[in-house]
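Worksheet: one structure, shown below.
Residues take their numbers from the sequence shown, with the count starting at 1. FYI, side chains are in, hydrogens and waters are out, and symmetry mates aren't considered; it's all heavy atoms of this structure.
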Amino acid sequence: MKALIINCSPVKSGATAEICSIISAELSQRYETKQVCIDDYSIAFCKGCRSCHKTAECVQSDGAQQLMAEFEAADIIICVSPSYWADVPGQFKVFIDRCTPYSNTHEPHASLSKGKKGYAVVQRTGPNMKECERLIRTIEHFCGHLEIEFCGHLGLCSIENKDDVLMRMDEITDFCTNI
Ligand SMILES: Cc1cc2nc3c(=O)[nH]c(=O)nc-3n(C[C@H](O)[C@H](O)[C@H](O)COP(=O)(O)O)c2cc1C
């Protein structure tokens, strides 16, 4: 089984990256793991042209298709995201928009292989879990329309940097036992 861990932050060595590394270390004992960062990909904005509603393909070809190929190769997909203005970072939202050819809201649509499981791990600096819930719902909604079964989530508040993540190691490793 293959697990894909996506750092949804554009920061390759920040708090989110640290969480990804902890998750990868835990899961690599049971799965083949791959870590990617949204910043590894060059992804243009969705043009909103709706061509994909008729063709199930995007008119643009770039990193969006490369990242979708990683989704297709994985059995388990873990989206790890910081809160940027109370939602996922813009770079990851652009990727979500570009997945519209795969959205089951229109026919025809492209499809990932069945049986994939999705998880959300979100973190923020502020103290209130309600904001984490908002990001979790964004990722759950995304998984739902791609027909990736949404199987679990973890919200971590009061995270500013890598050191704060290390203090929460137990919460993260406990969460991994259920993946
Ligand atoms: C552009 C930007 C917007 C942010 N907005 C929020 C926010 O709305 N709420 C919050 O709690 N933290 C916010 N933060 C703080 C980050 O969620 C927090 O520092 C996180 O650990 C950053 O992870 P990263 O370094 O891996 O991107 C923001 C940080 C940035 C850079």
Taking everything shown except H106 itself, do over 12 heavy atoms lie less than 6.0 Å from its NE2?
yes
I136 CD1 to S81 OG distance, which is reported to the nearest 0.5 Å:
10.0 Å
Min side-chain heavy-atom separation E18-N161 under 4.5 Å:
no
Side chain K116, main chain A74, donor-acceptor under 3.5 Å
yes
Can you tell if the side chain of E140 reaches within under 4.5 Å of the side chain of H153, non-hydrogen atoms only?
no
Dump the intermediate steps for side-chain contact (heavy atoms from CB on, under 4.5 Å) on V59 and K47, then the final yes or no.
CA-CA 9 Å; V59 294; K47 294 174 181 291; 4.3 Å; yes
Can you sort out the partners of Q66 under side-chain hydrogen bond (donor to acceptor under 3.5 Å, both in side chains), two or more places apart, ordered by chain and number?
none
Note: T177 and R30 closest approach over all heavy atoms is CA-NH2, 4.1 Å
Measure the spacing between SG of C132 and CD of Q123 and express it to the nearest 0.5 Å.
8.0 Å
What are the two closest non-hydrogen atoms of L154 and E171, and how far apart are they?
CD2-O, 4.0 Å
Given 3.5 Å as the limit, does a donor-acceptor pair link the side chain of Y31 with the main chain of I179, or not?
yes
In Å, rounded to the nearest 0.5 Å, how long is the span from CZ of F95 to SG of C79?
8.0 Å
Looking only at heavy atoms, the pair that brings S13 and K162 closest together is O-CE, 3.1 Å
Would you say that P10 contacts Y84 through its side chain, given a criterion of any heavy-atom pair below 4.5 Å between the two side chains?
yes
Is any side-chain heavy atom of I76 less than 4.5 Å from a side-chain heavy atom of M1?
yes
If only atom types and distance count, is the side chain of R168 paired as donor or acceptor with the main-chain N or O of L156 below 3.5 Å?
no
Flag yes if L4 and I43 sit in one hydrophobic cluster, no otherwise; membership is Ile, Leu, Val, Met, Phe, Trp, Tyr, and two members link when side-chain heavy atoms are under 4.5 Å apart.
yes
With distance as the sole test, does T138 use its side chain to make a donor-acceptor pair with the main-chain N or O of R134 at under 3.5 Å?
yes
Can you check whether T16's main-chain N or O pairs, donor with acceptor, with N7's side chain at less than 3.5 Å?
no
Looking only at side-chain N and O atoms, does H109 offer a donor or acceptor that is under 3.5 Å from a partner on N104?
no
Evaluate the side-chain contact (heavy atoms from CB on, under 4.5 Å) criterion for residues T33 and S24: first the C-alpha distance (whole Å), next the side-chain angles of each, then the deciding distance (0.1 Å), finally the verdict.
CA-CA 6 Å; T33 61; S24 180; 3.4 Å; yes
Cluster link I78 to L146, ILVMFWY, side chain under 4.5 Å
no
Quick one: does Q65's side chain have a donor or acceptor within less than 3.5 Å of a partner on Q60's backbone?
yes
Short side-chain donor-acceptor distance under 3.5 Å, S111 and E147:
no
Beyond-backbone contact of C37 with S9, side-chain heavy atoms, under 4.5 angstrom
no
Using the rule given for side-chain contact (heavy atoms from CB on, under 4.5 Å), can you reason through I5 versus V36, listing the C-alpha separation, both sets of side-chain angles and the distance that settles it, and then say yes or no?
CA-CA 6 Å; I5 302 155; V36 297; over 6 Å; no
Could you walk me through whether E26 and I172 pass the side-chain contact (heavy atoms from CB on, under 4.5 Å) check?
CA-CA 9 Å; E26 283 299 308; I172 300 165; over 6 Å; no
M169-Y119 co-clustered via ILVMFWY side chain contacts under 4.5 Å:
yes
Does some side-chain heavy atom of R98 sit less than 4.5 Å from a side-chain heavy atom of D62?
yes
So, does E149 use its side chain to make a donor-acceptor pair with the main chain of G118 at under 3.5 Å?
no
To the nearest 0.5 Å, what is the distance between OG1 on T125 and CD on E131?
9.0 Å
Single-linkage hydrophobic cluster, 4.5 Å side-chain cutoff, L112 and I139 together:
yes
So, for S83 and R124, which heavy atoms are closest and what is the spacing to 0.1 Å?
CB-CB, 3.6 Å
With a 4.5 Å limit on heavy-atom distance, are the side chains of T105 and H145 in contact?
yes
If you round to the nearest 0.5 Å, how far is CD1 of I23 from OG1 of T173?
10.5 Å
List in chain and number order the residues that pass salt bridge (Lys or Arg N to Asp or Glu O under 4.0 Å) with E133, two or more places apart in sequence or in another chain; answer none if no residue qualifies.
R137
D164-S158 side chain donor-acceptor pair, cut-off 3.5 Å
no
Tested for side chain to side chain contact (heavy atoms under 4.5 Å, CB included) against F142, the lone hit among I148, D97, I96, V88 is I96
In Å, rounded to the nearest 0.5 Å, how long is the span from SG of C143 to CZ of F150?
6.0 Å
ILVMFWY cluster, V80 and V165 together (side-chain gap under 4.5 Å):
yes
Which atoms form the tightest heavy-atom contact between G63 and Y41, and what is the distance?
O-CD2, 3.7 Å
Nearest non-hydrogen partners of L27 and A3, listed with the distance:
CD1-CB, 4.2 Å
